[in-house]
Amino acid sequence: MHTLTNNGNRGASTTQIVAIAVVVIIVIAAAAILLTRHPSPTPSTTTSSSATSTPSSSTSVPPVTSSSPTSPPTTTTPYANQTLSVQVSQSFGTIDPAVGTDYTQFIAMIDLYDNLVTQLPNGSVVPHVAKSWTISPNGTVYTFVIHSHIMFHAGNYMNASDVAFSMDRMLAIGQGFSWMWSGVLNQSGIAVLNSTAIQFHLRKVYAPFLGSLSLFFIVDKQVVMQHLANVTAANPMGDWGYAWMQTHEAGSGPYMLQSWQRGVQITFTRFNNYWLGWPSNHVYFQTVVYKIIESDATVLSLAKENQIQWTSTFLAVPTYQALQQMGWKWLTFTSPNIFDLKLNTEKAPLNNIWLRRAIVYAFNYSSIQYILPGAVESAGPVANNYMFHNPAIKPVTQNLTLAKEMLAKSGLAPGSISLTIVYVQGNIPEQEIALEFQKDMAQIGISVSIQPQTWETITQLAANPNTTPDVTEVYYDPLYPDTDSYFYPQYDSASHGTWISMEWLTNSTIDQLIQEERSTLNLTLRQQIFYKLQQDIVSLAPDVFVFNQPYYVALAPSVANYTYYNGMSFDYNAYNMYYSGTGSSAAFVLPSLGGFILQDIRMAGGQLVL
């Protein structure tokens with residue numbers, strides 16, 4: 001197993017020291033950025049449900065008209081033809097925002113499209129396409145006012161009809177993140193008030209709704225409508241452009257699709273008319289190439305040749321150390337991402353709760369410090385550093401005596417149990433964890449076979465309980481900024497059939513508790529429910545909760561302004577990044593000093609948020 005050398009430890013701490021040292025410089029520079037950047041809209045202050053009611057659909061408003069800009073699109077400035085090449089560890093299965101769910105697919109969404117609202121690095125929800133919103137006192141009607149000068153890549157200007165169409169399409173296709181809204185929002189509950197105003201009438205209170213909309217991306221209705229397939233009189237929308245959108249895009253984001261070699265790389269090119277502009281005080285990348293590279297050795301080889309400038313977070317520690325010795329920046333963050341071993345509770349033998357509990361106690365959690373130094377051992381299904389984590393739940397320690405007692409209660413004889421564990425091929429830390437799991441289970445008489453698979457294959461296997469592996473290694477980030485994100489996508493029986501829910505847990509008590517926490521805005525009550533959920537899930541043992549992922553990333557000296565975010569792949573927003581030349585580049589964004597956090601200026605609407 002790999003161990004972290006002293007040199008690696010110095011590297012991580014040095015990065016943090018540099019971040020603190022430059023925070024004053026960043027703050028001073030912020031004023032200059034605000035003065036020199038191209039004009040862009042400043043988000044309005046949002047209002048809470050307790051303070052503001054939303055206009056009803058009968059409110060007197062101008063009729064819907066064809067969209068036209070209220071201000072001209074941002075002017076562009078010539079830039080050097082710089083290319084940013086990024087290593088990712090898994091392929092892009094789709095680039096359709098109505099279909100994608102995993103981290104590479106979300107990279108495509110964040111670069112090619114714009115979401116209705118977005119997240120700041122600390123998880124706060126802020127305006128984006130929507131410049132303001134109001135929420136009715138009963139928490140069921142949300143009214144959004146959108147910017148009127150957002151240009152799609154095809155040259156059309158976005159209006160509220162595009163927003164409505166995008167949600168209609170999401171619900172009709174029924175894939176991707178549609179599960180977040182399908183139970184609370186119908187197509188009949190979407191009302192376009194005028195060209196810049198839209199209402200969502202929820203069927204019931206849905207506490208995570210606003211945060212979930214950071215995963216809702218807007219497509220160009222005019223473009224998609226030109227590419228419908230299988231249209232009939234009975235089905236006038238046909239496939240809603242599904243087939244075409246698997247190989248094309250209809251976005252308004254900072255980058256456009258240039259080319260795509262499936263399983264090899266995907267290339268984006270800068271959209272010069274991006275509505276937030278391209279500030280002239282930096283050199284932004286003309287082209288961004290995401291290269292699917294599974295081998296750490298290949299990563300190092302390409303880095304030496306300057307064929308990549310940014311790595312994924314799934315490399316082995318010695319690889320980051322080697323990059324650091326080459327002059328790269330190795331950055332480390334504590335993330336809310338939980339790495340767990342998902343146990344398929346639907347089929348034998350893991351439909352036996354006592355066997356699952358035996359596995360939980362048989363695993364050697366302390367081994368993680370040799371595989372991923374700095375990892376924090378998990379304490380249940382919610383990350384230790386996330387809101388509403390139950391402090392009464394402690395990390396599990398290996399106890400072979402207790403594991404054997406649990407196995408005896410299962411009624412299964414040691415030596416008669418065979419399991420398969422699957423991990424993403426080429427991922428060295430996951431391979432070492434699989435080997436550790438195999439060794440630990442052997443100590444209580446469980447035979448384990450190890451089967452590396454591509455991520456695409458794993459997501460396909462997850463669609464059916466009979467094809468889902470017995471045990472699957474998965475990193476899970478909260479998808480949206482709400483503790484519900486740890487529960488509904490993974491453990492509600494309505495969420496079965498994705499890589500997120502490979503436990504296939506079916507438990508009426510869990511389902512009921514999840515529905516209760518989702519249907520109340522009372523934070524005290526939600527906390528109580530979340531605490532109970534964590535206790536019950538730990539007791540049911542659908543997972544081996546291993547560790548909170550230490551989030552690693554390495555950047556070449558020529559890349560500046562990396563910003564760490566708390567969820568999904570928001571940190572892969574190439575619009576945040578710029579070229580700094582071949583020398584030492586600026587430190588990453590989001591240093592913490594004295595309790596104040598400096599957010600990304602452009603993502604905060606041109607304002608310093610402290």
Side-chain angles (χ1 to χ4, degrees), residues 88 90-116 129 152-153 162-183 185 187 190 212-221 223-231 235 237-253 255-257 259-263 266 268 290 292 454-464 467 474 476-477 479-480 485 488-490 494-502 567-570 572:
V88 292
Q90 64 192 42
S91 62
F92 290 74
T94 181
I95 57 173
D96 187 344
V99 180
T101 58
D102 66 32
Y103 102 92
T104 45
Q105 294 163 359
F106 194 83
I107 289 172
M109 296 180 211
I110 205 71
D111 282 346
L112 300 175
Y113 293 88
D114 282 297
N115 39 3
L116 186 61
V129 164
F152 284 111
H153 299 158
D162 295 296
V163 179
F165 175 82
S166 299
M167 183 58 80
D168 284 342
R169 181 173 182 269
M170 174 73 75
L171 296 174
I173 291 176
Q175 297 184 36
F177 295 123
S178 63
W179 50 264
M180 292 193 293
W181 309 296
S182 59
L185 180 64
Q187 291 174 323
I190 303 170
S212 73
L213 292 176
S214 63
L215 306 184
F216 171 48
F217 292 85
I218 316 305
V219 302
D220 187 337
K221 177 181 178 179
V223 169
V224 177
M225 289 293 290
Q226 293 170 7
H227 297 93
L228 304 183
N230 305 323
V231 175
N235 183 21
M237 294 305 297
D239 71 344
W240 288 83
Y242 178 93
W244 187 82
M245 288 283 280
Q246 300 315 299
T247 54
H248 300 80
E249 53 96 355
S252 60
Y255 286 87
M256 304 178 290
L257 177 65
S259 63
W260 186 7
Q261 297 173 267
R262 286 186 177 274
I266 190 167
F268 303 149
Y290 292 97
I292 295 89
T454 66
W455 178 248
E456 186 174 2
T457 298
I458 291 173
T459 60
Q460 293 169 353
L461 294 173
N464 186 292
T467 58
V474 172
Y476 179 71
D477 244 343
L479 301 175
Y480 44 93
S485 184
Y488 184 82
Q490 296 192 94
S495 299
H496 287 167
T498 76
W499 65 270
I500 303 170
S501 56
M502 294 176 80
M568 281 303 289
S569 309
F570 283 96
Y572 282 88

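Just so it is clear, the model here is predicted, and its values are computed rather than measured. Numbers here simply count residues along the sequence, with the first being 1.
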*Could you please spell out the steps behind the ring-ring contact (aromatic ring centres under 6.0 Å, His included) verdict for Phe177 and Phe217?*
CA-CA 10 Å; Phe177 295 123; Phe217 292 85; 8.2 Å; no
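- Ring pair Phe216/Trp181 is perpendicular by interplanar angle, where above 60° counts as perpendicular and below 30° as parallel.
- In this view, Phe152 satisfies the ring pair (Phe, Tyr, Trp, His ring centres under 6.0 Å) rule with no residue, not counting sequence neighbours.
- Ring pair Phe92/Phe268 is perpendicular by interplanar angle, where above 60° counts as perpendicular and below 30° as parallel.
- Thr101 and Trp499 are linked by a side-chain donor-acceptor pair at a separation below 3.5 angstrom, with hydrogens and angles left out of the test.
- Using modelled atom types, one side-chain atom of Gln246 and one backbone atom of Tyr242 make a donor-acceptor pair closer than 3.5 Å.
- Thr94 places none of its side-chain heavy atoms less than 4.5 Å from the side chain of Gln175.
- Between Tyr488 and Ser212, every side-chain heavy-atom pair lies at or beyond the 4.5 Å cut-off.
- Note on ring orientation: taking the six-membered ring where Trp is involved, the planes of Tyr103 and Tyr572 are tilted (angle from 30° to 60°).
- Considering only heavy atoms from C-beta on, Ile107 comes within 4.5 Å of Asp111 through its side chain.
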*Kindly determine whether Ser252 and Asp114 satisfy side-chain hydrogen bond (donor to acceptor under 3.5 Å, both in side chains), including the steps that lead there.*
CA-CA 6 Å; Ser252 60; Asp114 282 297; 2.8 Å; yes
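- Within the structure, salt bridge (charged side-chain N to carboxylate O under 4.0 Å, His left out) pairs that include any residue of residues 167-176 comprise Asp96-Arg169 (at least two apart or interchain).
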